There are 2 protein chains.
Amino acid sequence: MSITHTAPRFTSTLTSQCQSCSLSALCLPIALADEDINRLDQIIERKKPLKKGEVLFRQGQSFDSVYAVRTGTLKTFNITSSGEEQITGFYCPSELLGLSGIDGNVYPVSAKALETTTVCEIPFSHLEDLSAQIPSLKHQIFKVMSRKISDDQQMMVLLGKKNADEKVASFLLNLSNRFKKRGYSATSFRLSMSRGEIGNYLGLAVETVSRVITRFQKNEMIEVDGKEIAIVGLTEMQKLVGVASDCDKIKNI
Amino acid sequence: MSITHTAPRFTSTLTSQCQSCSLSALCLPIALADEDINRLDQIIERKKPLKKGEVLFRQGQSFDSVYAVRTGTLKTFNITSSGEEQITGFYCPSELLGLSGIDGNVYPVSAKALETTTVCEIPFSHLEDLSAQIPSLKHQIFKVMSRKISDDQQMMVLLGKKNADEKVASFLLNLSNRFKKRGYSATSFRLSMSRGEIGNYLGLAVETVSRVITRFQKNEMIEVDGKEIAIVGLTEMQKLVGVASDCDKIKNI
DNA sequence: AACGTTTTCTGACTCAGATCAAGGTTTTAT
DNA sequence: ATAAAACCTTGATCTGAGTCAGAAAACGTT
């Protein structure tokens, strides 16, 4: 696999790419000294863009690197014993994927681009070495993994306890929060995954996802135009999911 | 909270407790030099046993330590906005809990003993310092967290895609594997959690869990006497779950 | 041993969401 | 531009598991 840098590699001797990258505040939300950022920058490879449907890594393949999404979206998935795909996550810009490969030295899932996507590849052995020299970097890695664990546990609650409406609403709010965090609109965005992929991820049939979305539209919680979504009843939606202050538990929708 | 050591603390100057602990091979499946084990041993506090129903840490409480289970079992759970408990995991001897508190500096779940339980408390700041000095320890922590991430993702698949029979079978096989790994019988063990707790964890009603267990008994896959379970049709059960071979390929040692 | 409490089991009934079917729309490839 | 493929929507029907109700068993306490 050949690596094509999206920008001349040598520029990082002057200004590191990480430093000028608009995502660094999310990717590195720690106060790394300039020289440390440069050291991190040195080990990162910018890969050439993946086209929609291309695979970043494959379940069972040996684990070498974690990846930070720069633009686009990916999904991770398993192939179950019965041959169907089971989606385990979607990854938006600034998010890290591949961490589940550390144990076992093999990726336990495959990762595929949902649209044209660029990623930074971070060879894990280098990252581990570097984390030994930069304690705050090590702490940051712990944090990212810890966060992933508690997020996944939230997801388990969602899958186990919530009904179709709550699942879809949680999904939309989760995306909304992720977009907001990276500076995009929290109320108006484009779903890069199909209804089928949403259903697969949420443990729902396509038809159910479609029906729920239609219902939300009729209730004027969202406006939909194909893959474009606008959340117009944010508070109402939060109430549905149960995020809201515990006081208004009694109120109806 | 006062700490009562289960054995005189000073013995660790001669033989570290970790070294003599029967779980060390699981808790520390890395070749730590003796002096490194001793250093780890120094920072670990053995707490007095928790009685059934006692809380180890509480959701929202500030995060200081991770815990290794020595004997007994714990559950972790959230209280949802509607006030019900949602169990997110069960922890058996040699397993580590509390890791999800690193991000956020607060435990995102509560942990409660299901029976009389002893744990080792490992103050995280000390562990982090020590991991800076012992690279293989740092790697081990990464591995444990990574493992947790991929296990949780398996659980997500289970919750999202499987029916009641498959869920209960997966649950029993999962326990079986965990008991086997620590040297106990893989086919005969005691469930320390109630049917209600199993159902809560698997996203099923108590009645459904009970019915499935009864059905498994009739099909001669298991024999049940209250909380005692014997798996008599292991192969059949693995077939039911389907993935067994996949999981083993990736996970087993 | 006797009591209340909690847990487990079983049956009858209901319903949310799956499945089946079919038509409409958007995307992709040529 | 156009055909093929993939995706989305809607309606009708079916079913697995939830809910309700009550009996039986297990457990803890005095």
Side-chain angles (χ1 to χ4, degrees), chain A residues 51-54 73 75 82 84-87 112-116 158-172 190-219 222-229 240 253, chain B residues 51-54 75 82 84-87 112-116 158-172 190-219 222-229 240:
Chain A
K51 282 200 284 284
K52 177 173 177 169
E54 284 184 334
T73 323
K75 64 175 171 185
S82 42
E84 334 146 68
E85 176 172 305
Q86 166 63 45
I87 297 173
K112 188 180 271 190
L114 295 179
E115 56 192 322
T116 305
L158 182 146
L159 288 169
K161 284 273 177 304
K162 300 195 177 177
N163 65 25
D165 283 16
E166 292 167 336
K167 284 181 180 181
V168 175
S170 297
F171 177 73
L172 293 176
R190 194 177 162 283
L191 299 173
S192 43
M193 65 294 289
S194 71
R195 304 285 194 270
E197 285 167 328
I198 296 173
N200 183 303
Y201 179 61
L202 296 177
L204 297 172
V206 201
E207 296 93 327
T208 305
V209 175
S210 182
R211 277 187 257 264
V212 170
I213 288 178
T214 305
R215 205 179 311 142
F216 283 1
Q217 248 177 305
K218 282 187 184 141
N219 297 350
I222 59 177
E223 279 161 17
V224 184
D225 174 23
K227 306 221 157 203
E228 294 293 333
I229 286 242
L240 173 58
I253 300 168
Chain B
K51 283 201 284 284
K52 177 172 175 169
E54 283 184 334
K75 65 176 172 184
S82 44
E84 333 146 69
E85 175 172 305
Q86 166 62 46
I87 297 174
K112 188 180 270 191
L114 295 179
E115 56 193 320
T116 304
L158 182 146
L159 289 169
K161 284 274 178 298
K162 300 194 175 175
N163 64 27
D165 283 16
E166 292 167 335
K167 282 181 180 182
V168 175
S170 298
F171 178 73
L172 294 176
R190 194 177 162 284
L191 298 173
S192 43
M193 65 293 293
S194 71
R195 304 285 193 270
E197 286 165 329
I198 296 173
N200 182 303
Y201 179 60
L202 296 177
L204 296 173
V206 202
E207 296 93 326
T208 304
V209 175
S210 181
R211 276 187 259 263
V212 170
I213 288 177
T214 305
R215 205 179 312 143
F216 282 179
Q217 247 176 308
K218 282 185 184 141
N219 298 349
I222 60 176
E223 279 162 14
V224 184
D225 175 23
K227 306 222 157 204
E228 293 293 333
I229 286 244
L240 173 58

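Every chain is numbered from 1 and lettered A, B, ... according to where its sequence line falls, protein lines coming before strand lines. What you see is a predicted model, and the numbers here were worked out from it, not measured in a lab.
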Heavy-atom check, side chain of A/Val168 versus side chain of A/Leu204, under 4.5 Å: yes

Evaluate the side-chain proximity of A/Phe216 to A/Leu240: yes if any heavy-atom separation is below 4.5 Å, no if none is.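 Side chain of A/Leu240 against side chain of A/Phe216, heavy atoms only: contact under 4.5 Å found.
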
Shortest non-hydrogen separation from [X] to [Y] and the atoms involved:
| X | Y | result |
| --- | --- | --- |
| B/Lys167 | B/Lys162 | CE-O, 3.4 Å |
| B/Lys161 | B/Glu166 | O-OE1, 4.4 Å |
| A/Ile222 | A/Val224 | CD1-CG2, 3.6 Å |

Report, one pair per line, the protein and nucleotides 20-23 of chain C atoms (nitrogen or oxygen only) whose separation is under 3.5 Å.
| from | atom 1 | to | atom 2 | distance (Å) |
| --- | --- | --- | --- | --- |
| C/dC20 | N4 | A/Glu207 | OE2 | 3.1 |

Go through DNA chain D in 5' to 3' direction and return only the first and the last nucleotide with some atom under 4.0 Å of chain A's heavy atoms. D/dC8 to D/dA12

Tell me which residues in residues 195-204 of chain B put a heavy atom below 4.0 Å from DNA chain C, sorted by number, or none.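 The answer is B/Arg195, B/Gly196.
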
[atom1] of [X]: more than 12 outside heavy atoms within 6.0 angstrom?
| X | atom1 | value |
| --- | --- | --- |
| A/Lys227 | NZ | yes |
| B/Glu223 | CD | no |
| B/Lys52 | NZ | no |

Roughly, in whole Å, what's the span from CD1 in B/Ile213 to C1' in C/dT10? 14 Å

Got a donor-acceptor contact below 3.5 angstrom from the B/Glu228 side chain to the B/Asp225 backbone?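 Such a contact is absent between B/Glu228 side chain and B/Asp225 backbone.
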
Look up atom CG in A/Leu158 and atom CG in A/Asn163, then write down how far apart they are to the nearest 0.5 Å. 9.5 Å

Would you give the length of the straight line joining atom OG1 of B/Thr214 to atom CD of B/Glu207, rounded to the nearest 0.5 angstrom? 12.0 Å

Counting any heavy atom closer than 4.0 Å, what does B/Ser210 reach on the DNA or RNA strands: base, sugar-phosphate only, or nothing? base

Close N/O contacts between protein and nucleotides 25-30 of chain C (under 3.5 Å):
none

For DNA chain C, produce a single dot-bracket line, 5' to 3'. Pairs: Watson-Crick or G-U wobble, both distances under 3.5 Å. Symbols: ( ) within strand, [ ] crossing, | other strand, . unpaired. ||.|||||||||||||||||||.|||||||

Per-pair distances, 0.1 Å, donor-acceptor, side chain in residues 191-203 of chain B, under 3.5 Å, sequence neighbours excluded:
| from | atom 1 | to | atom 2 | distance (Å) |
| --- | --- | --- | --- | --- |
| B/Ser192 | OG | B/Thr73 | OG1 | 2.9 |
| B/Ser194 | OG | B/Gly196 | N | 3.3 |
| B/Ser194 | OG | B/Glu197 | N | 3.0 |
| B/Arg195 | NH2 | B/Gly226 | O | 3.0 |
| B/Glu197 | OE1 | B/Ser194 | N | 2.9 |
| B/Glu197 | OE2 | B/Lys75 | NZ | 2.9 |
| B/Asn200 | OD1 | B/Ile87 | N | 2.8 |
| B/Asn200 | ND2 | B/Glu85 | O | 2.7 |

